[in-house]
Amino acid sequence: MRFRKLAYPYIIWISIFIIIPIIMVLYYALKSGEIAGFTLDNFIKFFKSINLRVFYNSIKIAFVCTIVCLIIGYPMAYWISKLSLRKRSIMILLVILPMWMNFLLRTYAWMNILATNGIINNFLGLFGMEPLNLIYTKGAIIVGMVYNFLPFMILPIYTVIEKIDNSLLEASADLGATQMQTFWKIIFPMSLPGVITGITMVFIPAISTFEISALLGGNKINLIGNVIENQFRVVGDWNYGSAISMVLMAIILIIMMITNKFDSSEEKTGGGLW
Amino acid sequence: MVKKLKNLYIFLVFLFLYAPIIFLMIFSFNNSKLKTTWSGFTLKWYEELFKNEEILSSFSNTIIIAILATLVATALGTMAAIGIYYMKNWKKSLVLNVNYIPVLNPDIVTAVSVMVLFRLVSMENGFITVLLSHIMFTTPYVVLTILPKLKQMSKSLPEAAMDLGATPFYTFRKIIIPEIKTGIISGAVLAFTLSLDDFVVSYFTTGNGFNTLSVTVYSMARRGINPAINALSTLMFLAILILLFIVYKTSKDPEDEKNL
């Protein structure tokens with residue numbers, strides 16, 4: 001087929017813009033200062049430094065954020081998929097709509113809501129309550145993350161549940177299953193590919209974000225993204241920054257491989273967002 | 001009872017999703033520059049917005065980058081998807097896997113890697129670097145959106161056309177493109193959305209006085225945000241709502257709408 005040739009420009013494009021850059025980052029990661037040849041110094045430095053602790057914290061926070069998104073998002077996706085077609089499309093549109101507003105602006109709005117003299121504390125003040133220390137905490141970062149990434153959990157789960165053949169549910173009811181049984185035996189297992197897509201789509205941005213933690217965590221709580229940003233934009237140690245980026249990339253790849261193992265569907269991509 | 005709880009739940013989640021937006025909109029009319037105290041209604045931030053060069057230029061930069069990136073990514077991605085669809089074996093899976101890298105990689109790693117590339121060829125950060133990197137991270141999504149549509153298309157359709165004497169280009173234009181049109185459109189919408197909302201990649205590839213809206217907001221957040229930016233987001237939100245309303249009113253088939 002002559003149509004194969006249509007991919008050639010893209011093959012050249014991805015070689016330049018995807019493959020070469022990754023190789024370059026790896027090259028930087030294996031270089032250190034004036035030393036000739038390659039070295040693992042940057043990686044050793046990372047695994048011995050306080051940043052390992054930061055990395056562990058980032059994983060923990062991203063994990064909590066993913067779980068919260070799943071707990072909030074799953075029922076939401078499920079109930080939306082049970083609505084009439086017209087209502088359903090409006091609801092899904094409403095879920096997508098905030099994503100079309102600049103997410104930094106929305107995160108900035110959260111700063112005002114959570115601030116010491118912000119909306120929540122003003123409201124509590126009406127009842128004579130002491131202002132809570134909400135902003136610049138781990139909790140604030142998690143709220144910001146859940147807020148930003150929740151649609152990425154809802155949409156793939158919704159897409160999968162919505163596609164489940166209704167006759168399966170009818171058959172299950174005919175055979176005497178209760179609604180609960182139908183849910184746990186049919187809907188839930190069938191929705192797993194969507195859940196897995198949702199988990200990866202929330203976890204990956206959550207683990208590497210630096211803007212949400214910079215705004216809502218102040219300078220008090222750093223995530224691994226902040227460390228990388230700092231190395232590239234402030235300190236200027238590209239070698240060290242590259243090494244951390246490579247570690248982050250490796251962790252994500254390992255997580256992807258693990259989640260893919262759980263994804264029993266034939267299509268490896270799971271539900272897909274769109 | 002259960003139904004009421006269900007509705008309450010859905011309402012609360014939407015409240016959570018929209019609270020900051022409502023907040024931004026209300027406070028775009030607030031007289032005080034202090035963000036959290038209400039001190040009377042004013043339109044002065046809207047006036048200020050149209051005088052504020054920094055906000056206006058970063059807004060137009062964002063739109064221009066998003067439009068150009070979408071156009072290039074859609075063209076490149078459509079051709080790539082068709083080409084990949086007709087590729088075989090390991091070559092196909094190799095290209096697909098490389099295509100997945102920007103999708104799976106954390107934003108920051110993608111951003112850092114293109115930044116390193118631009119340094120390698122000593123390209124000055126600015127409009128071109130931002131545009132190239134936006135094309136770089138949006139195109140894979142376009143490819144991934146179009147591929148399923150190609151799988152749905154019957155393979156014999158283009159073959160039949162060419163057997164009947166159509167040139168490959170004619171077949172491409174008259175058979176393949178119409179068959180995958182909905183995929184191309186959703187790919188373009190996705191690319192546009194991603195580019196518009198991007199911060200991380202722009203942040204690492206921007207420079208030379210060229211800022212996108214996100215980068216401006218991020219740098220403003222440190223020194224206190226000008227409420228004019230609230231005014232801008234209110235206008236943007238209203239524009240999106242009006243646009244959606246028009247789309248909703250003019251589209252007849254609700255199935256089409258879902259693909260948006």
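A note on names: the letters A, B, ... follow the listed sequences, proteins ahead of strands, and every chain is numbered from 1.
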- [ ] State which residues pass side chain to side chain donor-acceptor pair (under 3.5 Å) with B/Tyr203; sequence neighbours excluded, sorted by chain then number.
- [x] A/Glu229
TODO: Go through the structure and list residues passing side chain to side chain donor-acceptor pair (under 3.5 Å) with B/Ser28, not counting sequence neighbours.
DONE: B/Tyr46, B/Thr234
- [ ] Against chain A, label B/Leu232 side chain, backbone, both or neither, depending on which of its atoms sit under 4.5 Å from a heavy atom there.
- [x] neither
- [ ] Spell out the residues in residues 106-115 of chain B that have some non-hydrogen atom less than 4.5 Å away from a non-hydrogen atom of chain A, in order of number; otherwise answer 'none'.
- [x] B/Pro106, B/Asp107, B/Ile108, B/Val109, B/Val112, B/Ser113, B/Val114, B/Met115
Open item on the list: Any non-hydrogen side-chain atom of B/Phe237 less than 4.5 Å from a side-chain atom of A/Leu105?
Closed with: no
- [ ] Nearest 0.5 Å please: distance from the CG atom of A/Leu104 over to the OG atom of B/Ser233.
- [x] 12.0 Å
TODO: Assess whether atom NZ of A/Lys82 is packed by more than 12 heavy atoms of other residues, nucleotides or ligands within 6.0 Å.
DONE: yes
Task: Nearest-0.5 Å distance that lies between atom CD1 in A/Ile154 and atom CG in B/Leu17 - done: 6.0 Å
Open item on the list: If you define the side chain from C-beta out and look only at heavy atoms, does anything of B/Leu241 sit under 4.5 Å from A/Trp100?
Closed with: no
Open item on the list: For A/Arg233, which atoms come within 4.5 Å of any heavy atom of chain B: side chain, backbone, both, or neither?
Closed with: side chain
Task: Pairs of heavy atoms under 4.5 Å with chain B: top-ranked of A/Leu97, A/Ile22, A/Leu215 - done: A/Leu97
- [ ] Identify which part of A/Pro205 has an atom lying under 4.5 Å from any heavy atom of chain B, answering side chain, backbone, both or neither.
- [x] neither
Open item on the list: At a heavy-atom distance under 4.5 Å, which candidate from B/Asp198, B/Thr139, B/Leu196, B/Ile84 has the highest pair count against chain A?
Closed with: B/Thr139
TODO: Could you tell me which of A/Ser245, A/Ala109, A/Pro21 has the largest number of non-hydrogen atom pairs under 4.5 Å with chain B?
DONE: A/Pro21
Open item on the list: Donor-acceptor check, side chain of B/Tyr9 to backbone of A/Ile72, threshold 3.5 angstrom: yes or no?
Closed with: yes
Open item on the list: For B/Pro20 versus A/Arg106, what's the shortest heavy-atom pair and its separation?
Closed with: CB-O, 3.7 Å
- [ ] Could you pull out all residues at least two apart from B/Thr129 that satisfy side chain to side chain donor-acceptor pair (under 3.5 Å)?
- [x] none
Open item on the list: When you compare the side chain of B/Arg119 with that of A/Tyr28, does any pair of heavy atoms fall below 4.5 Å?
Closed with: yes
TODO: For each of A/Ser15, A/Pro75, A/Gly73, tally heavy-atom pairs with chain B at distances under 4.5 Å, and name the one with the top tally.
DONE: A/Pro75
- [ ] Evaluate side chain to side chain contact (heavy atoms under 4.5 Å, CB included) for B/Ile135 paired with A/Phe17, printing each intermediate quantity in order.
- [x] CA-CA 10 Å; B/Ile135 297 168; A/Phe17 285 95; over 6 Å; no
Open item on the list: Below 30° counts as parallel, above 60° as perpendicular, anything between as tilted: where do the rings of B/Phe204 and A/Phe210 land?
Closed with: perpendicular
Open item on the list: Restricting to non-hydrogen atoms, name the atom on B/Thr193 and the atom on A/Met99 that form the minimum distance, rounded to 0.1 Å.
Closed with: CG2-O, 4.5 Å
TODO: Would you mind checking which part of B/Leu104 comes under 4.5 Å of any heavy atom in chain A, side chain (CB onward), backbone (N, CA, C, O), both or neither?
DONE: both
Open item on the list: When you measure from the side chain of B/Asp197 to the backbone of A/Phe103, do you find a donor-acceptor pair of N or O atoms at a distance under 3.5 Å?
Closed with: yes
Open item on the list: Counting heavy-atom pairs closer than 4.5 Å to chain A, which one of B/Val98, B/Ile101, B/Val143 comes out on top?
Closed with: B/Val98
- [ ] Measure the spacing between CD1 of B/Ile10 and NZ of A/Lys87 and express it to the nearest 0.5 Å.
- [x] 9.0 Å
Task: chain A contact via B/Pro148 - side chain, backbone, both or neither, heavy atoms under 4.5 Å - done: neither
- [ ] Please name the pair of heavy atoms, one in B/Asn99 and one in A/Tyr10, separated by the smallest distance, quoted to 0.1 Å.
- [x] OD1-OH, 2.5 Å
TODO: For chain A, find which of B/Tyr18, B/Phe172, B/Phe137 contributes the most heavy-atom pairs closer than 4.5 angstrom.
DONE: B/Tyr18
TODO: Answer yes or no: is there a donor N or O on one side and an acceptor on the other, between the side chain of B/Tyr86 and the main chain of A/Leu6, under 3.5 Å?
DONE: no
TODO: Would you give the length of the straight line joining atom CD1 of A/Ile12 to atom CG of B/Leu76, rounded to the nearest 0.5 angstrom?
DONE: 10.5 Å
Open item on the list: Just checking B/Phe23 against A/Tyr108, ring centres under 6.0 Å apart?
Closed with: no
- [ ] Counting only heavy atoms closer than 4.5 Å, note whether A/Met256 contacts chain B via side chain, backbone, both or neither.
- [x] side chain
Open item on the list: Quick check for you: to the nearest 0.5 Å, what is the distance between A/Ile96 atom CD1 and B/Leu244 atom CG?
Closed with: 9.5 Å
Task: Heavy-atom pair count under 4.5 Å with chain A, highest-scoring of B/Asn7, B/Leu94, B/Ile229, B/Ile21 - done: B/Ile21
Open item on the list: Just checking B/Phe11 against A/Trp79, ring centres under 6.0 Å apart?
Closed with: no
Open item on the list: At a heavy-atom distance under 4.5 Å, which candidate from B/Tyr141, B/Tyr218, B/Phe192 has the highest pair count against chain A?
Closed with: B/Tyr218
- [ ] Tell me, for B/Ile240 versus chain A, whether the close heavy atoms (under 4.5 Å) come from the side chain, the backbone, both or neither.
- [x] side chain
Open item on the list: Need one label for A/Met246: side chain, backbone, both or neither, based on atoms under 4.5 Å from any heavy atom in chain B.
Closed with: neither
Task: Student check: side-chain heavy atoms of B/Thr171 and A/Phe3 closer than 4.5 Å - done: yes
- [ ] Would you mind telling me which of A/Ile252, A/Ile228, A/Leu94 has the largest number of heavy-atom pairs within less than 4.5 Å of chain B?
- [x] A/Leu94
